[in-house]
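Here's the structure, in structure tokens; my notes come after.
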Amino acid sequence: MSKVSRLFLSLLLGGLCVLAGQFVLAADKSSSALHKNYPDARKWVSSQQYPWRAIGRINLAGYGHCTATLVAEDVVLTAAHCLWNSRVGRWYPPKYVTFVAGVEKETFQGVAKGVAMQIAPGYKYSKQNEMNKVKRDWALLKLSRPLGKQLGYLPLLDAKGVFQGKSLVQAGYRGDRAFVLTVQSGCKVKALHDGNRLLQSNCRTTGGDSGGPVLSEEKDGWYLVGLHSGRLETDESLAVTTENFAPQKVGWKW
């Protein structure tokens, strides 16, 4: 296995919006201090196994990281705000964005540079996040190599299969365990907003989880339900669902 450089820093992002009377926090600083509601039971999983090896880190020219997921052989999905360079006020050029699949301590399962990106239509980065920006907080990164051909990738679950009470699994490279993938299983959909475009769950999240997948294990395998974009004051997750970025709905263009 190749060795992963440890020159990665936490992505500095912030912001507030209001949803159903509660504050919604955009991705915050990664740190070793967990939020008070964070679950002790969140488990470290082996990144050598599917579907975990299809999940990895988006590394931003040495200045930050988020979580991302292979959704095609050469395409990964992450949160749009992860690709915004707040230091200079513009998007990171794709060539400075690297996806490292299956990071586990000093090893990984695959690595590829970005060659193109597609930001959600209508999304504009700002420190103040209204609800209509949270639901647009997704982006696709086309890779220089088809990593998913060998590692596999997550098919998208049709939004019709998402309902209140549905069991979910939340995964990400959280701030205090930035080089191992941890997951919380057994959490559930608490509410759906805006025509199923935004999912509220009792999955707990923290810095570094931004862009991480919300998964469901169906009878025929694992599916991607959405991606983590923000969190409530209770540290519960708000996720952008596949209703927003399914290729038949928005068209993936490169």
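Sequential numbering from 1 along the given sequence is applied to the chain's residues. Since this is a predicted model, take the numbers as computed values, not measurements.
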- Residues A246 and L156: closest non-hydrogen pair is CA-CD1, 3.9 Å
- If only atom types and distance count, is the side chain of Y173 paired as donor or acceptor with the main-chain N or O of H65 below 3.5 Å? no
- Walk me through it: do Y92 and L141 pass the test side-chain contact (heavy atoms from CB on, under 4.5 Å)? CA-CA 11 Å; Y92 278 96; L141 180 71; over 6 Å; no
- Minimum heavy-atom distance between G102 and S47, given as atom pair plus value: O-CB, 3.4 Å
- Item | Hydrophobic cluster membership, L147 vs V97, 4.5 Å side-chain cutoff | yes
- Query: Got a second to check how far R57's CZ is from F179's CZ, nearest 0.5 Å?
  - Reply: 4.5 Å
- Here the gap from Q150 atom CD to Q109 atom CD, rounded to the nearest 0.5 Å, amounts to 8.0 Å
- Side-chain (Q118) to main-chain (G251) donor-acceptor, under 3.5 angstrom: yes
- Query: Are any non-hydrogen side-chain atoms of V115 and D74 less than 4.5 angstrom apart?
  - Reply: no
- Query: Is there a donor-acceptor pair under 3.5 Å between the side chain of N202 and the backbone N or O of K188?
  - Reply: yes
- Task: Measure from the side-chain N and O atoms of S144 to the backbone N and O of K113, and report whether any donor-acceptor pair falls under 3.5 Å.
- Result: yes
- Query: How about V189 and F163: do any of their side-chain heavy atoms sit closer than 4.5 Å?
  - Reply: no
- Query: How far apart are the closest heavy atoms of T67 and G172, and which atoms are they?
  - Reply: OG1-CA, 3.6 Å
- Does F99 have R145 sitting over its ring (NZ/CZ under 6.0 Å from centre, angle to axis within 45°)? no
- Message: Using a 3.5 Å distance criterion without hydrogens, assess whether the side chain of E217 forms a donor-acceptor pair with backbone atoms of W222.
- Response: no
- Neighbour count above 12 (heavy atom, 6.0 Å) for R90 CZ: no
- Query: Is it the case that one hydrophobic cluster holds both V240 and V162, taking links as side-chain heavy atoms less than 4.5 Å apart, direct or via other members?
  - Reply: no
- When you look at V75 and Y153, which way does the side-chain contact (heavy atoms from CB on, under 4.5 Å) test go after all the steps? CA-CA 9 Å; V75 178; Y153 55 87; over 6 Å; no
- Under a 4.5 Å side-chain heavy-atom rule over Ile, Leu, Val, Met, Phe, Trp and Tyr, are L140 and V214 clustered together? no
- Message: Working to the nearest 0.5 angstrom, can you tell me the gap between H228 NE2 and S210 OG?
- Response: 5.0 Å
- Message: Has S229 got a side-chain atom pairing as donor or acceptor with L238's backbone, closer than 3.5 angstrom?
- Response: no
- Message: One thing to verify: whether R53 and E104 come together as a salt bridge, which I'm taking to mean a side-chain N less than 4.0 angstrom from a carboxylate O.
- Response: no
- Query: Is there a side-chain contact between I58 and L83, using heavy atoms and a 4.5 Å cut-off?
  - Reply: yes
- Message: Any side-chain to backbone donor/acceptor pair from E243 onto G195? Under 3.5 Å, distance only.
- Response: no
- Message: For the CG atom of L215 and the CD1 atom of I55, what is their distance to the nearest 0.5 Å?
- Response: 5.0 Å
- Task: Assess whether atom CD of E218 is packed by more than 12 heavy atoms of other residues, nucleotides or ligands within 6.0 Å.
- Result: yes
- Message: Could you walk me through whether N244 and V250 satisfy the side-chain contact (heavy atoms from CB on, under 4.5 Å) test, starting with their C-alpha distance in whole Å, then the side-chain angles of each, then the deciding distance to 0.1 Å, before giving a yes or no?
- Response: CA-CA 8 Å; N244 296 272; V250 298; over 6 Å; no
- Mind checking whether Y125 and W84 have parallel, tilted or perpendicular rings, split at 30° and 60°? parallel
- Query: In Å and rounded to the nearest 0.5 Å, what is the OG1 to NZ distance from T98 to K95?
  - Reply: 12.5 Å
- Message: Tell me the closest heavy-atom pair linking H81 and D137, and the distance in Å.
- Response: ND1-OD2, 2.6 Å
- Query: Side-chain contact, heavy-atom cut-off 4.5 Å: Q184 with D209?
  - Reply: no
- Between L151 and A101, the two heavy atoms sitting closest are CD1-CB, 3.6 Å
- Query: When rounded to the nearest 0.5 angstrom, what distance separates SG in C82 from CH2 in W138?
  - Reply: 14.0 Å
- Does L77 share a hydrophobic cluster with Y223, counting links as ILVMFWY side-chain heavy atoms below 4.5 Å and allowing steps through other members? no
- Task: Dump the intermediate steps for side-chain contact (heavy atoms from CB on, under 4.5 Å) on V183 and W52, then the final yes or no.
- Result: CA-CA 10 Å; V183 305; W52 318 122; 3.7 Å; yes
- Heavy-atom donor-acceptor pair, N196 side chain to T241 backbone, under 3.5 Å: no
- Query: Which atom pair, heavy atoms only, marks the closest approach of A116 to P94?
  - Reply: N-CB, 3.7 Å
- Message: Let me check something: do L181 and L227 share a hydrophobic cluster, defined by ILVMFWY side-chain heavy atoms less than 4.5 Å apart, either directly or through other members?
- Response: yes
